[in-house]
Structure formats: structure tokens, C-alpha cells
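Protein chains get the first letters and strands the later ones, always in sequence-line order, with residue 1 at the start of each.
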Amino acid sequence: MDAQARSVLYRIIRRIPNRNIENLLKRWNCLSADQMRALDYTRPKWMIVEHVISFCEESRLGLKHVTNLEMIYRIENPDQGIWNACQLAEAQDDAVCVELTQFKEQFKAHLHGVIRHISIKMKKHEDEAIWIRIAWGDNFSKPNHLKPTYVVHHLHTSYVFISNLMAKHKIFLCQALVIATKHGSIKDGLLSTKSLNAMRDLLLRRYQQVFPNAHSRILQERNTLPSFPCIGKEHRDHEEIRHQMACEAFGHGAMPKLETAVYRLETRYKGNSNYTLSDKEEFFRGVVRFSSSSLLESLRHCVASGMAEGPVTPLLSAITQRGRNYFVITDKGPGVSSQASAQRA
Amino acid sequence: MEGRGSAVGTPASRPVTRRSKSYGRSCVEAPSYFWQTPGHLTVLKIPTSRDAAKSQIITNKVDPEHIALLVKNEWKLSYVTPLHCFRHTQLKSYSNHLSAFIVAEKQQGVAVEVGLEAGFKVTFTAVLGLAETDEDAETVFIQIQSKPVFAAAADAPKVVWRGWLTCVNGDPEYLRSLPPDFVSLPLFCTSGPESLTTLVKSWFERAFDCNFGSLALNSTTLNWLAALWTGCHPTCNIRYLKLAWSLPTQPPLDVSYTVNPQDAWELWNSIHTEESTDDRIDIKEVQSFMNGLETHFFRHFKIYLSAGTLVKVSTALGSAQLDGKIKIGNSDYITTLLTLLTECALLKMLT
């Protein structure tokens, strides 16, 4: 085992609690039954690592096996680091027919063609997700296995999830993805979060959605009447409307755990009207950041409880509807200052 | 401090044991405020206007090394009642007393070899020049260094705790009403482990018969700071005006709004015009400024920020949190910040 294999192994084992090490090694299935029995998980981490390394040397295991262990670990613990979403566009007619083997071959062939030193590993996870681990090198240096890029893609969907990608490698990866999935282009999805699951659930709409229905529309129409004879009923109706509006925008029940949403405001000042600032042509620039342990649930509660005025603004509902959490907001044009559009950064 | 307030109102509940703990107090006391620090209980009014922040090169007045001590850390705020018989000439002996006290408290119940007490070294320093008026007492800076028992002889002792007591532009009427034996340094800022803060506080309470309480800021103070700091922008780049709110949704929602400094200043300038010669800022202008920012936010997101609480204000000049933590970013505006905080400490102490 070379130094790089040792440090990769050490990094994996350092991150996991001692009690989980045995399970991981079992699934790795590279150590013999005797070796597994000989490991004592009550020992300090560095001792366990030394043991595993000596067993690896006994069994002539190398970097290839260690990176496999890392993939197993990453797939089981996906909510690490920051994940970014990318969206494929302009699908070719045969994009829906792409198979795993074909994807694999095309993807690898393209990257090996443009970069001399690169290590690519692919694994298909139970839930149909393809996990790709890429260690990048260049013409003069060997692949760096300590900073691998992880890519997750579900075949026949238009989303790709990427973690730990350096800017200089982005173009190569994007080209390979476009070619292998038979699409015309790929663009930044403007969604980033720590949780791969949250990102996937949000974009693939794996959450309970609520759609506008006739009932709610009737309520809204009636609401425009001046007043109700019974205030109690009026309040209940208001509450119901708020709840309906909140659920339409942010879903019902447990939602994907998104942590943040960022809005870069480049709009005209729209505050108190008696100040001359509102006449100015220049923008009132700022950045608004919402954060919560579960942003969508917070926003839903915010609307349902009346801390926000309904109907929900398109700026906020765009998080679920467009599957993004980064927006640049500009005025739609001169004169239309009440409406803002979310444009691509 | 609620306990104090109720004790004044109902003398029967006054804890009698306290007298035995204090010592060295010989002055005549006003009977109605028996265990209150004697002197007139002036009712401090919350000011509705104050001077605009003025830049002053503080290092012309104060030793730059001393200023450097105040600038880098995050400080937790407390208030402290006037110190009895505190003398700025005795700082050296206070250093020794406090070191001895900390060592004694730390070693309680532990058998130690004689001569090993040198674990903590306390230094009191007078930071001269921060005081603005004749009534203000000079600031006192305290630093605790520690040397681990097993450290090599060459190892330099590490600073483990810092704290300072200050009074800048304290209410002159109140300060003049104090009897001569008392020194008022109402604002106490600390940075370091809570256990040491507790020890320092209890030493002060015993040595100077004073009382500490935690100093949380309120949203009005944060509003003031937002406006005062924004007003500094033409002379000193504030780089950003960042406001943070917390909304009581489930789970809680944090909203931060970072405003471009130039745009924030232009909004402020449209509210607070520079026509007046004395350059006083009125609370109404401050409210209008904050209101303007909240309205602009509302027009976009339809969220009522007033349903939540403003929890933090920060610019490159400094930051202040609702729970009483501050950072000083630029020493040129330190006087404005400390004036405001001294006032908060005095108000908190007397209510």
C-alpha cells in the first residue's frame, strides 16, 4: 500500500464511529473472516487503522480497493460536503434509451480522451442512482485521490448532483455528462445544499404536493366580499386559506430538508413612498439569506401562521417550483416596479 | 436584576446576611435604599436623540497597544454597580489579590504542593484616555495568563481570559450623585471561559462590594447602532450593513439582510438630512430608517419582519447581538459604541 492509499483509508476510518467500522468493512468484503475476527474495535482509531493496513498488505490490497471502500462509505453517508445541482437540457431523441453500460463507456472514454491522468469509478446504487467517483490529475501529475469529485445521476432524469468539483475540471465533467446522457447542454441548477437526499427529493418531486382546488378558489372569491356576519367563521376561513396557500407553495407534511435560500436583490427601492429614493434609477442592492434547519417547513409555517401576507410571493414559491435556492432578483423593466422576476445568475 | 428591584420596594424581603459579607463600607447610607449603593437614584431617561457618530483618531488619546486589546475579541457584556473604594493607584495590588484568589478557588479541595501557585498571573492595566468627561472613571483592563503545570520552562504563559470595566459619557447627573468613595465603571466586557468570569466577578463583589448582572441589549439599541454606523459611511467605509432577524416559526427561521453600504447610506441620508448644524439624530429618524429597510424587504417577500426579533446588527465598524455580545471592528468609532453601551448598562442597573 502506498502513502496515498494509507491516507485515504485513514481519512475514511477517522470519520466514522468505532462501532460502525465493522459493518463497513463487512460490506467492503475484502478482508478474510480471520482478519475480521482479529480486529478489536474498542482500540483507539489509529491502532485499528494500522491493523487494517497490515491486513491489506497481507492480502495485497491496493489503492483500487481502498477507493472502493470510500465509495461504499460515501454512498451510505451522502449528506456530507456541499452538493450542487446541474440540469441537463436539449435531450436528443434517443436520450431515453441510454443504458448504464453505454453511459459508463461513453463517460469514461470521453474523460480518458481529454485528461491523461484520471481515475474514474462507477457504482450503481440500489435506488437506481449511478455514483461516480473521479480523482483528477493532469498531464504531469497522478490523480489526487484525497480530493475526489462525486457525481450522482439517475438515468433518464435531467438532474445531476455534484460534490467537490474544482472550477477548472467543470468543463470536462460537463462535456462528458452531456455526451454520455445524449443531451445538448447542461447548466448550473442554482441549488446547493448539504443534504443530497433533500436536493434529490426536491428536484425529483418526492414530497407531498398540494395543488390548488376549486374549494379554495371559492373561499378566496367569497373572501372579497366586505364582511361576514360571524367573525369566528371568518377567522376560521382566513386560517384555512392561509394554510391552503402555504401548502400549495411549500408542500404538505415532511419536506426535503433544505437549509438555506439566497436572494441577491438588484431592484429599485420600494420602501416608504415619501422618500425621493424611490424615484432613483439606481438599484437598492442587498442580499437576503433565509436559513433554518428545515427551510420549507419554516416558510410554510410562516405563511400559515400569518407572519407572511398571502398569497405567497413567486420569489419564495420558486424554491419548490423551480427547484432552486439561489436567485438574482431584478425589476422586470422600467415602470413595473411591483413585480420582480427571478433571472438566471 | 429583578431581585434588587423587589428588595427596594419591599424592605422586609431584604437579605440581612448580605451585610456580613461586605466590608470596608463606612459611609453614611440613605435609609430607604439600605443595601443599594448610596446616592441619588436618578431616574435615567432613555434618550430620544443623540449625537451622530463622529470619527476620532482614538490612538492620539489612548495607547494604541491598549486599543488593540479591545478591538480583536468578541466581548460578552455585563453591568456592574459602583465599586466601593476602588483606586486606580492600587491596580498592582489588585493584580496580586485576584491571582491569589483565583488560585485559591481553583485549588479548593485539591492537595497541592506549596510553591506551585504560580499557575495564574493577573494583570490590571489602566487604559487612560477612553474617558470622555471629567465624571467618567478611567477604563481598567484585566488580563489573566496561565501556565499549564506541565509546561516547559521556556513556554510563554498563555492569555486565557480578558476583561475590562469602562465608563464613557456616563450620565453626569448620576455620576456626580455618587459619594466620593465610589467609582462607577458600569460596563463590564469579558472574553474567556465562563468559570474564570464567575471567579473574577465574585472577587470584585467581595473586594468592592458591588454586584454584576448580565447585560442583554434590546432592539432599540440595535436600531440605534444600525443607523449610527450607517451614518459613518461617507467618512469610513462600513463595507456592509447586515441585519439578522429570527422569526418564531417552527422550526425557527433566520433571515439575514445584507445591504450595500452606499445604498444604505443614501436611504439614511434621505431620512436624516445634514441640514441641522448640531447633527443630532432623532429616534424617529432611526425608526424610519429601519422601517424603510423592513418595508423594502416586505415588498419582495411579503414577510412581516416585525413578527420576529432583530437579533444582530453588524458592519465593518463592529457588531452587536441581542444577547449582549459585541465586537469592535474599527477603533475610530469606539466612543460612540461605548457611550451607547454605558448608557444601557446604567439603565439596566437602575431598573
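Nearest heavy-atom pair across B:I58 and B:S331 is CG2-O, 3.5 Å. Closest approach of B:F289 to B:A264, counting heavy atoms only: CE1-O, 3.6 Å.
For a residue to count as touching a neighbouring chain, one of its non-hydrogen atoms must lie under 4.5 Å from one of that chain's; by this rule B:P252 touches chain A with the backbone only. The contact between B:F298 and chain A is made entirely by side chain atoms (from C-beta outward), counting heavy-atom distances below 4.5 Å.
With sequence neighbours left out, B:R239 forms a salt bridge (Lys or Arg N to Asp or Glu O under 4.0 Å) with no residue at all.
Counting heavy-atom pairs closer than 4.5 Å to chain B, the top residue among A:G286, A:S291, A:S292 is A:S291. Among B:L293, B:V259, B:T258, the residue making the largest number of heavy-atom pairs under 4.5 Å with chain A is B:T258. Per-residue heavy-atom pair counts under 4.5 Å with chain B were compared for A:S293, A:S294, A:A261, and the maximum is reached by A:S294. Of the listed residues (B:P248, B:G308, B:A244), the one with the most heavy-atom contacts under 4.5 Å to chain A is B:P248.
Between A:H243 and A:H252, the ring planes lie perpendicular to each other; the angle is over 60°, past the 30° to 60° tilted range.
Judged purely by distance below 3.5 Å, without hydrogens or angles, the side chains of A:Y326 and A:R264 pair a donor atom with an acceptor atom.
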